[in-house]
Protein chains: 2
Amino acid sequence: MTGQQIADAKAIAASKSHSEAERRRRERINNHLTKLRSLLPNTTKTDKASLLAEVIEHVKELKSQTSIIAEKVPVPSEIDELTIDNTSDDEGRIVIRASLCCEDRSDLLQDLIKTLKRLRLRTLKAEITTLGRRVRNVLFVTGEDHHSISIHDNQQMVNHWRNVIEEALKTIVEKTNNGDDYSFASIKRQKNK
Amino acid sequence: MTGQQIADAKAIAASKSHSEAERRRRERINNHLTKLRSLLPNTTKTDKASLLAEVIEHVKELKSQTSIIAEKVPVPSEIDELTIDNTSDDEGRIVIRASLCCEDRSDLLQDLIKTLKRLRLRTLKAEITTLGRRVRNVLFVTGEDHHSISIHDNQQMVNHWRNVIEEALKTIVEKTNNGDDYSFASIKRQKNK
DNA sequence: TACAACACGTGAAGC
DNA sequence: TGCTTCACGTGTTGT
């Protein structure tokens, strides 16, 4: 074989593998599109562009649905959250409502208890909801008796404690899941067929 | 110009418009892909195939989320539904629970009332939830006094009434929205930006 | 004939 | 260098 022939053969082989790779790529993309089509309702015999348009609409629809429901029901959301509000209980005592949402982990509850204990706070009520691997905690906390947060009519003090609680819980929310078990049993997910 | 030249010019023009059309098509598809990418969380700089794979996962995720939530909370679903169950109230009286889900419309409630009245049924309780344009009604109905459904221990009679109610409500669910106003105020949808 | 949608192979760019 | 991804223009098919 001459050098020219070898070079040609190499070029042909390269071109072949190239076109084959490209074919595989197209296959992958099209398979995904087919799968997407099957996930959508009433979406047969539409072209690629329209299919994608419908996927967009569907995703938006589902997103808005979940967020609407989340407004009514305190289910865990996909993203980490932490909001602090202050209310007051029947006796006019200052109560801070802390709602946090994060990935569930085995030591989450421990962390919360420890943190609140360290801050000398009392948890009046805790609403805990899990959804898949996400967990939402809504805590109603107040100070222990004779705690500065118990003193009424002091907006500055309340704001101070809001900040303290926010910072403390922030580190808990931001702590990443260490791969342990979850602290609460998860709701069974519907099979994705 | 010779005939040959004219033919060539035509061919060139055709080829040009063809390639331009193809470019527009690609553009449309890619724009949709970009939009999809923006709708997903944490999905920058991934290739097309992986992007679509993530879209699939995301759609599945959202779907299972909404269905899990729907199990816990009686929110309206996307598809029309009608399920009939029989329970019994405190006094052991037969009560039939009818849950129906359909597009909301102004005369839906009227239809329900009329139908139940026609069947000489009494509605003990009605739970009504709207979500977007969808509405879910959960009705707890029983017979009027001395109605045959009030007679206990007659499984055949109960089944008969289940069928009667199912058929009657089926026509209501299947009645298409005539474009009128909705009978209930709809929950505001989150803006799709 | 013309248009729309698709699969294909190829050149270019990034790693 | 080879491998991957993309955009491009073209051939083909169905309407």
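Letters go in sequence order (proteins before strands), and every chain restarts at 1.
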Are A/H32 and B/K48 side-chain neighbours, meaning at least one heavy-atom pair lies under 4.5 Å? no
So where does chain B start and stop touching DNA chain C, 5' to 3', when the test is distance under 4.0 Å to a non-hydrogen atom? C/dA5 to C/dA7
Within the structure shown, what part of the strands sits under 4.0 Å from A/R24 by heavy-atom distance: base, sugar-phosphate, or nothing? nothing
Thinking salt bridges, do B/R23 and B/E20 make one under a 4.0 Å N-O criterion? no
Here the gap from B/I172 atom CD1 to B/K114 atom NZ, rounded to the nearest 0.5 Å, amounts to 10.0 Å
Charged N to carboxylate O under 4.0 angstrom, A/E54 versus A/R37? no
If an axis is fit to five pairs at each end of the helix from C/dA2-D/dT15 to C/dC15-D/dG2, what is the angle between the two, to the nearest 10°? 10°
May I ask you to say whether B/R24 pairs ionically with B/E27, meaning some side-chain N is under 4.0 Å from a carboxylate O? no
Checking side-chain contact (heavy atoms from CB on, under 4.5 Å) for the pair A/N163/A/E167: CA distance, chi angles, key distance, verdict? CA-CA 6 Å; A/N163 289 337; A/E167 285 305 314; 5.5 Å; no
Given the options B/I84, B/I96, B/V141, B/T142, B/W161 meets side-chain contact (heavy atoms from CB on, under 4.5 Å) only with B/I96
I'd like a table of atom pairs between the protein and nucleotides 8-10 of chain D - only N or O on both sides, under 3.5 Å - with the distance next to each one.
residue, atom, partner, partner atom, Å
D/dG9, OP2, B/R23, NH1, 3.0
D/dG9, N7, B/R26, NH1, 3.1
D/dT10, OP2, B/S15, OG, 2.8

Could you tell me the separation between the NZ atom of B/K48 and the C1' atom of D/dT5, rounded to a whole number of Å? 9 Å
For B/R25, is there an ion pair with A/D47 - N to carboxylate O distance below 4.0 angstrom? no
Salt bridge or not for B/D107 and B/K175, using N-O below 4.0 Å? yes
Taking side chain as C-beta onward, heavy atoms only, is B/V173 less than 4.5 Å from B/K170? no
